[in-house]
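Everything below concerns the one structure shown next.
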Amino acid sequence: MALHARKRIEIVMEAVRAEQVTAWLDQLGATGWTVLPVKVGRGRQGLRRAGVPGGIFDNVVILCVVSDEVAERVVRHQEELLVAKPAIVTISDCYVLRGDRFV
Amino acid sequence: MALHARKRIEIVMEAVRAEQVTAWLDQLGATGWTVLPVKVGRGRQGLRRAGVPGGIFDNVVILCVVSDEVAERVVRHQEELLVAKPAIVTISDCYVLRGDRFV
Amino acid sequence: MALHARKRIEIVMEAVRAEQVTAWLDQLGATGWTVLPVKVGRGRQGLRRAGVPGGIFDNVVILCVVSDEVAERVVRHQEELLVAKPAIVTISDCYVLRGDRFV
């Protein structure tokens with residue numbers, strides 16, 4: 001079986017706005033996504049540590065593997081993503097085992 | 001010192017079957033792996049949120065950096081991996097500082 | 001808007017020495033970094049499980065997106081990184097939406 005080229009999108013952002021972004025990924029055609037917790041991070045906003053009461057400064061990492069077509073839509077509609085103020089958005093090349101799962 | 005080309009394998013899957021996969025990676029010759037917790041994810045099975053009592057729906061991310069040879073074995077023996085029903089399996093190119101650690 | 005080529009550095013290491021490494025990344029010019037918790041991992045030191053009282057064996061994953069210039073500095077000064085005994089250091093290619101954030 002061959003490997004299938006796809007795009008891996010990784011977004012670091014505030015947990016409070018993550019649902020806004022995952023709903024948007026759904027709308028753009030992503031077949032799924034995964035949200036990971038973050039312990040601590042430093043960025044333009046300074047240091048952000050998880051576990052502070054209320055958790056409003058908690059960050060998360062959103063992983064999303066998509067087809068080239070969906071990745072192009074993400075880039076084309078990035079203004080809608082940027083209103084959720086992601087700290088980092090990276091797109092990189094990857095291969096998946098089952099291409100039919102990431103259309 | 002030069003950088004050494006290796007493969008980075010990333011698997012998103014149910015926590016309950018993760019040991020089955022890490023044992024299999026060991027058998028194929030991986031020199032190590034790392035398991036990260038997942039907060040929430042959406043895939044073919046719908047939404048999966050961590051922390052539900054019993055945790056049987058918890059997902060994890062398994063990271064594993066391997067040589068080209070081990071990566072080829074993973075692809076060749078993927079049927080053994082797919083019985084553990086991973087949601088996502090990606091393979092991507094990376095470089096490591098110390099090639100002797102990832103044979 | 002175009003995508004901008006950057007480097008994604010991923011370091012798996014003991015939590016107790018992570019601040020030493022993030023401070024070093026700051027010094028080398030990284031504009032930010034993100035630290036993720038690890039549940040369990042296997043490497044040259046054997047199995048390391050999170051949550052053991054004291055947490056002195058807890059591992060973390062440090063993510064850091066940087067310019068080619070900063071990545072080259074990381075490689076050139078790697079001896080300073082290796083004293084913190086990272087288990088894995090990978091560098092890979094990625095693209096970011098906003099190049100001005102990762103100089």
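To find a chain, count down the sequence lines: A is the first, B the second, and so on, and within it residues start at 1. Hydrogens, waters and symmetry mates play no part in the numbers below; they use all other heavy atoms, side chains included.
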Item checked: Contacting moiety of Val65(C), where chain A heavy atoms sit under 4.5 Å -> side chain
Notebook entry, point to check: Does any heavy atom of chain A fall under 4.5 Å from the side chain of Val61(C), the backbone, both, or neither of them?
Noted result: neither
Notebook entry, point to check: How close do Lys39(A) and Ala15(C) get, heavy atom to heavy atom, and via which atoms?
Noted result: NZ-CB, 4.3 Å
Notebook entry, point to check: If you look at every heavy atom in Arg98(C) and Ile88(A), which pair is closest and at what distance?
Noted result: NH2-N, 4.2 Å
Report the distance from atom [atom1] of [X] to atom [atom2] of [Y], rounding to the nearest 0.5 Å.
{"X": "Arg8(C)", "Y": "Arg8(A)", "atom1": "CZ", "atom2": "CZ", "answer": "4.5 Å"}
{"X": "Leu97(C)", "Y": "Glu79(A)", "atom1": "CG", "atom2": "CD", "answer": "9.5 Å"}
{"X": "Thr31(C)", "Y": "Arg44(A)", "atom1": "OG1", "atom2": "CZ", "answer": "9.0 Å"}
{"X": "Trp33(C)", "Y": "Leu47(A)", "atom1": "CH2", "atom2": "CG", "answer": "5.0 Å"}

Check: Taking Ala18(C), Ala30(C), Pro37(C) one by one, which has the highest count of heavy-atom pairs under 4.5 Å against chain A?
Finding: Pro37(C)
Notebook entry, point to check: With respect to chain A, which residue among Thr22(C), Asp93(C), Leu25(C), Asp26(C) yields the maximal number of heavy-atom pairs within a distance under 4.5 Å?
Noted result: Asp26(C)
Check: Any side-chain heavy atom of Leu3(C) sitting closer than 4.5 Å to one from Ile91(A)?
Finding: yes
Notebook entry, point to check: Above 12 or not: heavy atoms from other molecules or residues under 6.0 Å from CZ of Arg49(C)?
Noted result: no
